[in-house]
Protein chains: 2
Amino acid sequence: MSIRDLARHLNISIGTVSRALNGKSDVNPETRERVLVAAKEFGYVPNQSGRSLRQGTTNTIGFMIESSIETADNGGSFFMPVFEGVQSVFRRHQLDLVALLCGTDEDPGAYLNRIVGRRFVDGLIISATMRNDPRITFLLERKIPFVTLGRSATGGQYPWIDLDFEGVAATAVARLLKFGHQRIAIGVPASDINLGYVFLEGYRRALSANGISFDPDLVFPANSNEEGGYRVATAMLAQKQMPTAVILVNENMAIGLYRRFYEAGIHPGRDIAVVGFRESTQSRFLSPTLTCFRISLRDLGIKLAEALLSTMPAFASNYPQDSIDLVWPMELVPGESDGPWHGT
Amino acid sequence: MSIRDLARHLNISIGTVSRALNGKSDVNPETRERVLVAAKEFGYVPNQSGRSLRQGTTNTIGFMIESSIETADNGGSFFMPVFEGVQSVFRRHQLDLVALLCGTDEDPGAYLNRIVGRRFVDGLIISATMRNDPRITFLLERKIPFVTLGRSATGGQYPWIDLDFEGVAATAVARLLKFGHQRIAIGVPASDINLGYVFLEGYRRALSANGISFDPDLVFPANSNEEGGYRVATAMLAQKQMPTAVILVNENMAIGLYRRFYEAGIHPGRDIAVVGFRESTQSRFLSPTLTCFRISLRDLGIKLAEALLSTMPAFASNYPQDSIDLVWPMELVPGESDGPWHGT
DNA sequence: TATGAAATCGTAAACGTTTACGGAAGCCAT
DNA sequence: ATGGCTTCCGTAAACGTTTACGATTTCATA
């Protein structure tokens, strides 16, 4: 069922059918109606390859996710709502969104090169931004519109949206200090992911703002999953004087951390304060519930989409340039996992 | 950088360049080498739209995931490894895999219709199969190659691969009975997802095989997330005679269930036996660790890819038809969450 | 009635590939 | 020397669209 068949059936030229379907002005309203009815009747949908070839545009946006990165661990619950937000914007512009999952056994650069080379997408959303991210320089020099979820130290002019991990760390530190905690540990990603640096920076700044000196021994690099949390707890227990509080970059870590402390007879929320990252169904039903930070992932997705569109010539007019380079604030949600320090 | 530019630069016709790149036989090895070198030098990658238009094939496979479905909750940790498995097979055939996420605010049928109509993909992997799934009939009549992750009651001839939820339920029941439990509850998905029926069927069969009569009051429909688990526990606590064991269809439910029981002063693993579904980092670090079932998601992905390829004419020769309609066995991993019944 | 503008539609080229077909060599055997 | 076979390569059509351009009709106006 091609546009030719449709035109033949209606005794109309191909061009007119195309114009009718695409809402061009120079077509009789009556003819347009006939075309639309017939198109619906036969279930005609334009062949994307044909369109793309002619227009030089694919009407497809790619959302790249690296499963090798920590963030992939909570990939489902995190990315799904973001996706929906992005899609809700793109739908209005007839743009399709596809997820490009880059597995651990594939080089992200090569993957990106293939996708971009094939002219597969018109634009890209890049997540899990590294501190030094070759994908960014690659996309910049290829002049492919993109936006990153997570800022980066990589130079160049491009839009990014980041969660305020610096603020999260600072708020957590301030809260724990007010609770009387003095030795506050922090669990950070072991990889080169940029949010790790931002998170740690917020931690350092908040400490120094409160006149506490930074102690490298209180920084625990780990994978952002349950096992990582377990290891953090193990390392904390091994110290001569155990920290009385810990801030985690990821809520999954809390599960492993809880377990390790239980094994040691230490009760999170009573004997040690824990602040995690993201509020979720999980954080609400852990025992104890996790003190963490709330964010509307759907809204985040919407902003990502808008930022990307603002860099795409075809859509830029509708999306002002000022919606980019955004640090997304997050709201603290108190849980049972932290509280006043009443120890020695 | 099109094939034309490449040809011009080499003083060769377009056709020869194309044949050289595609490994056709009627091209001088020396010429082919020149072409390949030049292609690499200029970073030439064939335009996918051009190829697709000519060949009528897109070299793209879609993996459809509905975020409205329970399975999406653990989407990240579940689907990512499956994806990698699928990709590892497709990579060998130059096929790109994209994830098509169907949000809650979009009708799956309409979404599928758009994707298929646009000739966006050559084949599809469908997950979260419903007991009665219109997507299946749609794809069958459109003659689009596809495979479903999860069997269905929907009629027709198509390949599917399913996890052995029936076996899981049966094994769990048998184990708990051997432990002396008599009142064994089960948490099942509240939706029309087919695995719910399969899971429940396995439960019923195992009971009847052991001479225990089926009690509808022991079946607790719930969402497959932490909150669902919480509700299941609440409902169990409300019964005059509480069950002594419970089987969950999903490991996330365990978190909420644990919490509710803790709140009631009941210790999972000691006062009540819990068997969950999938072994994961999470199941291993919960307290108590979850008795559950192990599965290699990567291998599952590989099988899915092979099953799909076996239905695609261009690849069928390499993939015998006997790799389809597979029920995937799973291995029990004992945890701390269940054990002998020593109650009243 | 003649004129010009507006409305509507058909024609054909173009997008970047692949591939069927045929032509031009080169080679061997008759 | 002729014929046939093989090897290699160029030509051109085709895939399904969109869109610039021009042609035709309509209609109001002078």
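First the proteins, then the strands, lettered A, B, ... as listed; each starts at 1. Remember, it's a predicted structure, so these values are computed and weren't measured experimentally.
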**Integer-rounded Å distance: D:dG10 C1' and B:Arg8 CZ** = 16 Å
**Message:** What is the distance, to the nearest angstrom, from the CG atom on A:Asp26 to the C1' atom on C:dA6?
**Reply:** 11 Å
**Asked** Is B:Lys24 paired with B:Asp26 through a side-chain N to carboxylate O contact shorter than 4.0 Å?
**Response** no
**Request:** Look at A:Asp325 together with A:Arg151 and state whether they make a salt bridge at an N to O cut-off of under 4.0 Å.
**Result:** no
**Prompt:** With a non-hydrogen cut-off below 4.0 angstrom, is A:Thr31 in contact with a base, only sugar-phosphate, or nothing?
**Reply:** sugar-phosphate
**Message:** As a test of understanding, state which of A:Leu139, A:Ile65, A:Leu100 forms a side chain to side chain contact (heavy atoms under 4.5 Å, CB included) with A:Ile126.
**Reply:** A:Leu139
**Asked** What's the spacing between B:Phe146 CZ and B:Leu112 CG if we round to 0.5 Å?
**Response** 9.5 Å
**Complete:** When rounded to whole Å, the CD to C1' distance for the pair A:Glu30 and D:dT25 reads 15 Å
**Prompt:** Under 4.0 angstrom, heavy atoms only, what part of the nucleic acid is A:Asn28 near: base, sugar-phosphate, or nothing?
**Reply:** sugar-phosphate
**Fill in**
The bend of the helix from C:dT1-D:dA30 to C:dT30-D:dA1, taken between the axes of its five terminal pairs at each end and rounded to 10°, is 60°
**A:Tyr319 vs A:His93, ring pair (Phe, Tyr, Trp, His ring centres under 6.0 Å): CA-CA, chis, key distance, verdict** = CA-CA 12 Å; A:Tyr319 295 92; A:His93 302 284; 5.6 Å; yes
**Request:** Give me the one residue out of A:Ile302, A:Ile61, A:Leu97, A:Leu95 that meets side chain to side chain contact (heavy atoms under 4.5 Å, CB included) with A:Val86.
**Result:** A:Leu97
**Asked** Under a 4.0 Å N-O cut-off, is there an ion pair linking A:Arg91 with A:Asp96?
**Response** no
**Item:** Length of the CZ-P vector between A:Arg32 and C:dA7, whole Å
**Value:** 13 Å
**Item:** B:Glu30, CD atom: more than 12 neighbouring heavy atoms under 6.0 Å
**Value:** no
**Message:** Using a 4.0 Å heavy-atom cut-off to protein, can you give one letter per nucleotide of nucleotides 11-17 of chain C, 5' to 3': B if the base is in contact, S if only the sugar-phosphate is, - if neither?
**Reply:** B-BBBBB
